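In what follows, a structure is listed as structure tokens, so that the remarks can point back to it.
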Amino acid sequence: MYQVRRVHIGKTVQLDELARECGRLYSQVVVSFWRTVRHKGIWLGPKHLMRWYTSEKLHAHTADACVQAFFASLKSWRERKKAGDPDAHPPRHRKWYFRIEYKRSAMVLKDGKLRLSNGRGNAPLILNWPWELPKTVVIHWTGTEYEAIATYQQEQPVAQPQGEKVAGIDLGEVHMAVSHDGEQTHILNGRLLRSKVQYRNKLQAQLNSRIDGRMKKGSRRRKKLIASKKRQLGKIKHQIKDIEHKQTTRLITTLYEQGVQTVVIGDVRDIRQNNDIGPTNNQKIHQWSHGSVRFKLSYKAERLRMQVALQDEHYTSRSCPHCGYVRSKVKGRVFRCPKCYWSYHRDGVGAVNIRQKYLGQFPVVGAMAPPTGIRFYPHTRVAREQSRENVCVGNYTEAAGL
Ligand SMILES: [Zn+2]
């Protein structure tokens, strides 16, 4: 389990030079790797290239990290290609500047200063560091200044579980996530996230048409607009990430407080590859961020020592949790069983069924509380020390129309 600390460290000539040197090394790896593929048909591994490409200006392990970074993106390209992603491209571009990575072997912490070695005979990089010694430090350019990202291995578990409950979580497009723990149903509202995604699509399309339409290739105006597009889309990307973090933290904290020990997340991974449901809905499904929401929910739950399990969620949103009848289609926001007349908020049904399927008691009978919605609070703290009183669970009754 890792935790991360981000520190802004400004811009200095030394940082520029180091980043430039990492870029040079990375570019050498890119060029020589693909050259060997082209001429000899051989795909070299990291151990060959790490021996060939070293630098006089960097710590040996920092130089290794540049080589490893190339192979990491090669690996991620292979995985994405395998998953059928049409946007997957292998790492082919050379880079002027590249991130500088320091491993534990290159660090000394003394008197609140972190001394990062750049190899014998070179000036070390020194950062003010009133915290403990990290495991790795990665320095990258944010667009305005350098940022150091320090990772820590978390040795002590933060918390002990408070109960034995099992909660099912259903990830969705309308609602980011819905949970059911046997008694309570919580709904994470996805409206704000959805509006951000829609705005991003619109903005992207507008800017693309301006860039591709009238402007001359290579013109200054075009370059300016491309830079502006990158900036604007980057901002929205951060906002989306922020919402996901705040919402998932809130849900997991709420579940933890209610004594949940096991979190069962509905597995929707098949959905992307197999379904073709028209261009508009396809876009929706492809941009549905269940991957990142699931990831965030999982690691946040694990941080609180909860267990995380995945459960196949076929038919879970269409089956009646009371009698097991599978409906062909669910219309409206309320699930009503035509056989036994059991009814419940539609989005809660998936979570109820995922939980029951995991527990092996499908179908089930029982009285359930109406769902409570978890509203988006812009000032949620996502850090590790979340104070207990901060968790507010609003009443969902009004919004759900129940
Ligand atoms: Zn029924």
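In this text the structure is predicted, and so the values were computed from the model without any measurement. Counting convention: from 1, in listed order, for ligands and their atoms alike.
The aromatic rings of Trp342 and His322 lie parallel to each other, their planes meeting at an angle below 30°, with 60° marking the opposite boundary. Relative ring orientation between Phe98 and Tyr26 is described as parallel, the plane-to-plane angle staying below 30° on a 0-90° scale split at 30° and 60°. Between Trp131 and Trp129, the ring planes are perpendicular. Angles over 60° get that label, and only those under 30° would be called parallel.
Around the Zn ion (ligand 1), the protein atoms of type N, O or S found under 2.8 Å away are Cys320 SG, Cys323 SG, Cys337 SG, Cys340 SG, listed by chain and number.
With values rounded to the nearest 0.5 angstrom, Lys237 atom NZ is found 9.5 Å from Arg200 atom CZ.
Looking at Glu183 and Gln258, their side chains never come closer than 4.5 Å, going by heavy atoms from C-beta outward.
Checked by atom type, the side-chain pair Tyr146/Asp16 shows a donor-acceptor distance below 3.5 Å.
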